[in-house]
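First comes the structure, then the notes that go with it.
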Amino acid sequence: MPKLTVDGIEVDVEDGATVLQACEEAGAEIPRFCYHERLSIAGNCRMCLVDMERAPKPIASCAMPAGEGMVISTKSERVKKAREGVMEFLLVNHPLDCPICDQGGECDLQDQAMGYGHDASRYAENKRAVSEKYMGPLIKTVMTRCIHCTRCVRFSTEVAGVTDLGAIGRGENVEITTYLEKTIASELSANVIDLCPVGALTSRPYAFVARPWELIKVESIDVMDAMGANIRIDARGNQVMRVLPRLNEDINEEWISDKARYAIDGLRRQRLDKPYLRGKDGRLHPASWDDAFTAIAARLKKTKADKMAAIAGDQIDGEAMFALKSLFDKLGSPHMDCRQDGAKLSAKTRASYLFNTTIAGIDEADTILIIGSNPRIEAPVMNARIRRNYLHGRTPIAHLGTAADLTYPVEHLGDDISVLEQLAAGKHTFAKLMKKAKKPMVIIGMGALRRADGQAVMALMHQLAETTNMVNKDWNGFNVLHHAAARVAGLDMGFVPGKGGKDVAGILDGAAKGAIDFVWLLGADELDTSRLEQAFVVYQGHHGDKGAQCADVVLPGAAWAEKDGLYVNFEGRPQMARRAAFPPGDAREDWAIIRAFSERINKTLSFDNLAELREEMVAGVPVFANLDEVVPAKWGKFGKSGKLKGEPVEAGLATFYMTCAISRASETMAECYSATKADKSVMAAE
């Protein structure tokens, strides 16, 4: 570990650290534009200049390795003049756009020009102008402001794994572009907006909408997938204006997916803001809460407990599921399920449905097998971790399922499920590779588990884990990749069929045949609702999506950004989503609706407020008390031997942009879907 002296302070740094990192370790502030901790070093901007003893001129601290005995000064007069000179050159061609620039108030160039720049410019020549570039419906470009830090280029190439961005031209004519002026083909593309230190790349949907000092900022989590990325929701009044990533090294680092960032405009469209009842004319009509509850209570009186069922959706908070489960337990119905897609997951063994390696643990894996999943669209930020693992260690990765570009090379094993039998028996070449590995890892997606033979698939996965030493004292490489934010919490609390109860397929079957008369859909939209026509359907949710269209009674609930709620991500980490705005009209929090209805039918639930509800939840499921922690799950038996079906293995999701009620209501997601489809059509034609 080299020892340096920075501004008279001795500091030890790790081997391979740069002078910039050593300066920060000593508490010195070093300005920078091109340097970023998660990207390769470019050394473009020269803003990080410092003085090194015996060096003839200031050095770029981001590109200079720290060495033993170095004496660094960050405050000398020479450093001050050098930084002023660099800043003056950076501003030579920069337009005077600050009053109209969306980066205003959050601009690194503004901040550093104030802190390290000169008080006036000596240049009176005309400024350079650069034409705008098209980078898709998410990114607005004003390339005249670009200072060529190349952060965006390095991010797209190194992290996102696409080569759509680059620099053309030389010298003063350098321009950052997508070459063919097309949409950046990445689910992480909008992260370049956060990386851009100036106003060259800004948010197109957010353009000229608000200034940062007008917004209320709330720390929350994303529910557009099951990873639980940490985010900050910015709201003005009662409207969510934007979503930004929040740093969490163990989950999303500082990236979020485009859907997490931009699907929020769906919160303003197609909302349910009052209860509805289906009239004799077959249409839904606005009603009061009292009328809605009376209609449901009247139907329940005529229905036996074994003919009632409940299905929870993919974005429901733990409190709402717990309240509905408590209500149906009181009613005596065993028919409930949180697995909308029919995934054959058992709630008995927690390790059988978790991402046991943890997201951060991906960095340690030395062999990876992906089955029935496309991580690029099911968990894009996590997929970037897999890509980084490959880049750093050339980790062998195999993929069983529909062929797809995962942004890293894979050995495609086809889409025949019988390959899994060869892997489990240790006869496949990749299974032999996994046996030799110290930390093998498997990721199984919903595409493999929602099949009719899902239990047999799980049995083979258990066998594979045992035969390859995937699970031991220091490592658990067995992972299930969910894409439903509510799924793990639902399984943890046992929102699954009780003794003699029906799962989702059984409920739909029963409703079609008359065996189920009453179905409560809690935000459940990803169903074949045509099979519910014979049953009395209560839909409780926030959008007029598929579930609401088939309902006899609609109860307006709050969306995830409009309430405090607990979610458990796919690695088993409980996290809290915080309210950033209030639900529209008469809509209420889901748990409160269920609690109020329980009182109407004289099945009053035992909690009166959110605190009491959470106390009961923690008492029933102690793991919910460990907020922001991953408690390792005990390994056990799961799966059931059986014959595999002949259907090909598919991914859990077929598309990225429109997967839930919120994203389907989002104009921005619709534009992204159309733009991506158009670009693919053009590329195919060429």
Side-chain angles (χ1 to χ4, degrees), residues 216 218-233 235 238 240 243 246 248 251 260 263-264 266-267 271-272 310-327 338 340 482-495 521-525 540-543 555-584 587-596 605 607-621 623-629 660-662:
I216 302 297
V218 178
E219 294 186 349
S220 188
I221 60 163
D222 169 49
V223 301
M224 292 296 125
D225 58 33
M227 195 182 75
N230 284 215
I231 59 172
R232 192 189 84 197
I233 303 174
N238 204 32
V240 174
V243 167
R246 193 158 49 92
N248 189 314
I251 304 176
I264 47 123
L267 294 174
R271 291 302 302 272
L272 299 173
I311 301 174
D314 292 345
Q315 294 177 338
I316 302 301
D317 55 290
E319 292 86 347
M321 282 191 289
F322 187 82
L324 188 60
K325 181 180 185 301
S326 300
L327 177 62
C338 64
Q340 269 194 112
H482 299 275
H483 50 76
R487 184 69 51 82
V488 173
L491 292 169
D492 279 346
M493 70 176 66
F495 201 104
L521 300 180
L522 181 58
D525 294 291
Q540 181 179 343
H542 40 77
H543 276 75
L555 305 177
W560 65 277
E562 298 160 354
K563 58 186 174 183
D564 293 338
L566 183 139
Y567 292 85
V568 183
N569 76 347
F570 56 56
E571 57 182 353
R573 185 191 305 267
Q575 298 184 105
M576 293 299 299
R578 303 290 181 186
R579 182 171 63 197
F582 288 92
R588 298 290 182 267
E589 294 183 27
D590 290 316
W591 74 266
I593 295 171
I594 297 164
R595 168 61 179 79
L605 298 177
F607 47 82
D608 294 324
N609 53 52
L610 198 54
E612 291 177 5
L613 168 54
R614 285 180 179 154
E615 280 181 20
E616 285 195 28
M617 283 177 63
V618 170
V621 190
V623 74
F624 289 164
N626 303 303
L627 285 179
D628 301 317
E629 293 180 20
C660 63
I662 296 174

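We number each residue from 1, following the sequence as shown.
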Please answer whether the main-chain N or O of K563 pairs with a side-chain N or O of R579 as donor and acceptor at a distance below 3.5 Å. no
Counting only N and O atoms by type, is there a donor-acceptor contact under 3.5 Å from the side chain of R595 to the main-chain atoms of A323?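 Not a single qualifying donor-acceptor pair exists.
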Enter the distance from [X]:[atom1] to [Y]:[atom2] here, rounded to the nearest 0.5 Å.
X	Y	atom1	atom2	answer
I316	L522	CD1	CG	4.0 Å
H542	E562	NE2	CD	8.0 Å
D590	Q540	CG	CD	4.5 Å
D317	L566	CG	CG	8.5 Å
D628	N569	CG	CG	9.5 Å
I662	D525	CD1	CG	10.0 Å

List in chain and number order the residues that pass salt bridge (charged side-chain N to carboxylate O under 4.0 Å, His left out) with K325, two or more places apart in sequence or in another chain; answer none if no residue qualifies. D329
Within a reach of under 6.0 Å around CD of E219, are more than 12 heavy atoms found that belong to other residues, nucleotides or ligands? no
State which residue, out of H482, Q340, H483, fulfils the side chain to side chain donor-acceptor pair (under 3.5 Å) condition with D314. Q340
Given side chains that start at C-beta, do those of [X] and [Y] come closer than 4.5 Å, heavy atoms only?
X	Y	answer
C338	L491	yes
R573	E629	no
F607	E615	no
W560	I233	yes

Where do [X] and [Y] come nearest, in terms of heavy atoms and distance?
X	Y	result
A558	E589	CB-CA, 4.2 Å
A581	V240	CB-CG2, 4.3 Å
A625	V618	CB-CG1, 3.6 Å
D608	W591	O-CH2, 4.1 Å
G557	A587	O-CB, 3.6 Å
A310	L324	CB-CD2, 3.9 Å

Apply side-chain contact (heavy atoms from CB on, under 4.5 Å) to E319 and D564, showing your working. CA-CA 9 Å; E319 292 86 347; D564 293 338; over 6 Å; no
Solution key, residues 220-227 side-chain donor-acceptor pairs under 3.5 Å, sequence neighbours excluded:
from : atom 1 : to   : atom 2 : distance (Å)
S220 : OG     : R578 : N      : 3.1
D222 : OD1    : M224 : N      : 3.0
D225 : OD1    : M227 : N      : 3.0

